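Okay, so here's the structure we're looking at.
Worth saying up front: this structure is predicted, and the values here are computed from it rather than measured.
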Amino acid sequence: MQNVPRHRNYIDRLITKTVIEHYAVSMETHRAWITLNAQDKHEVEKILKKSPLSKFWTFEIDELFVLDGQHYRLPELVFN
């Protein structure tokens with residue numbers, strides 16, 4: 001738990017730099033899902049291994065073909 005604040009700072013920096021698009025953690029299953037912008041799987045692995053929590057992780061890296069959702073759409077027009 002002592003590494004969590006440093007890890008959160010690292011994640012926050014990556015979100016600010018738009019390296020990380022989404023970061024979600026389940027306390028129920030102790031899993032995390034992270035959507036990253038990177039050139040390839042090797043770059044993703046390097047990014048993940050820089051986290052203060054990386055020694056506690058096992059991870060799978062999948063290259064996404066499509067990522068879509070409400071945040072990627074144009075805002076809805078509202079006529080007053």
Side-chain angles (χ1 to χ4, degrees):
M1 289 305 288
Q2 67 190 19
N3 290 324
V4 170
R6 286 187 15 236
H7 168 75
R8 285 299 307 152
N9 287 336
Y10 180 63
I11 295 299
D12 289 341
R13 279 192 313 252
L14 293 175
I15 290 171
T16 300
K17 292 179 180 179
T18 66
V19 173
I20 290 181
E21 294 281 337
H22 301 97
Y23 178 79
V25 177
S26 167
M27 290 303 291
E28 181 181 350
T29 62
H30 299 264
R31 290 185 182 172
W33 296 266
I34 305 170
T35 307
L36 289 141
N37 292 307
Q39 292 297 316
D40 53 32
K41 291 182 179 186
H42 180 70
E43 185 180 351
V44 171
E45 195 170 322
K46 284 174 37 180
I47 292 167
L48 293 176
K49 286 185 175 182
K50 288 181 183 176
S51 165
L53 296 180
S54 66
K55 63 183 172 187
F56 304 107
W57 289 349
T58 57
F59 52 84
E60 294 178 26
I61 301 169
D62 295 310
E63 185 175 345
L64 297 179
F65 178 67
V66 174
L67 177 63
D68 196 4
Q70 199 165 18
H71 295 291
Y72 298 104
R73 307 289 172 101
L74 292 173
E76 184 178 326
L77 293 176
V78 178
F79 298 102
N80 291 329

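Of all heavy-atom pairs between Leu48 and Trp57, the closest is O-CZ3, 3.4 Å. Taking each heavy atom of Tyr10 and Pro52 in turn, the nearest pair found is CB-CD, 4.4 Å. Among all heavy-atom pairs drawn from Glu63 and Lys41, the shortest one is N-CE, 4.2 Å. The two atoms that bring Lys49 and Ser54 nearest to each other are O-OG, 3.1 Å, heavy atoms only.
A distance of 11.5 Å separates CD1 in Ile15 from CZ in Arg13, rounded to the nearest 0.5 Å. Within the model, atoms NE2 of His22 and NE2 of His71 stand 6.0 Å from one another, a figure rounded to the nearest 0.5 Å. Taking CG of Asn9 as the start and CG of Leu14 as the end, the distance is 11.0 Å to the nearest 0.5 Å.
Legend: residues meeting side-chain contact (heavy atoms from CB on, under 4.5 Å) with Thr29, ordered by chain and number and at least two apart, are Ser26, Arg31, Trp33.
Contact check for Asp68 versus Arg73: side-chain heavy atoms found under the 4.5 Å cut-off. Using a 4.5 Å heavy-atom cutoff, the side chains of Arg8 and Tyr23 are in contact.
With Ile20 as the partner, the side chain to side chain contact (heavy atoms under 4.5 Å, CB included) test is satisfied by one option alone out of Thr35, Asn37, Ile34: Ile34.
In summary, the side chains of Arg6 and Asn3 do present a donor paired with an acceptor at a separation below 3.5 Å, with no hydrogens or angles considered.
Two different hydrophobic clusters hold Leu67 and Ile47 under the rule that ILVMFWY side chains link at heavy-atom gaps under 4.5 Å. Under the 4.5 Å side-chain heavy-atom criterion for ILVMFWY residues, no single connected hydrophobic cluster contains both Val19 and Leu64.
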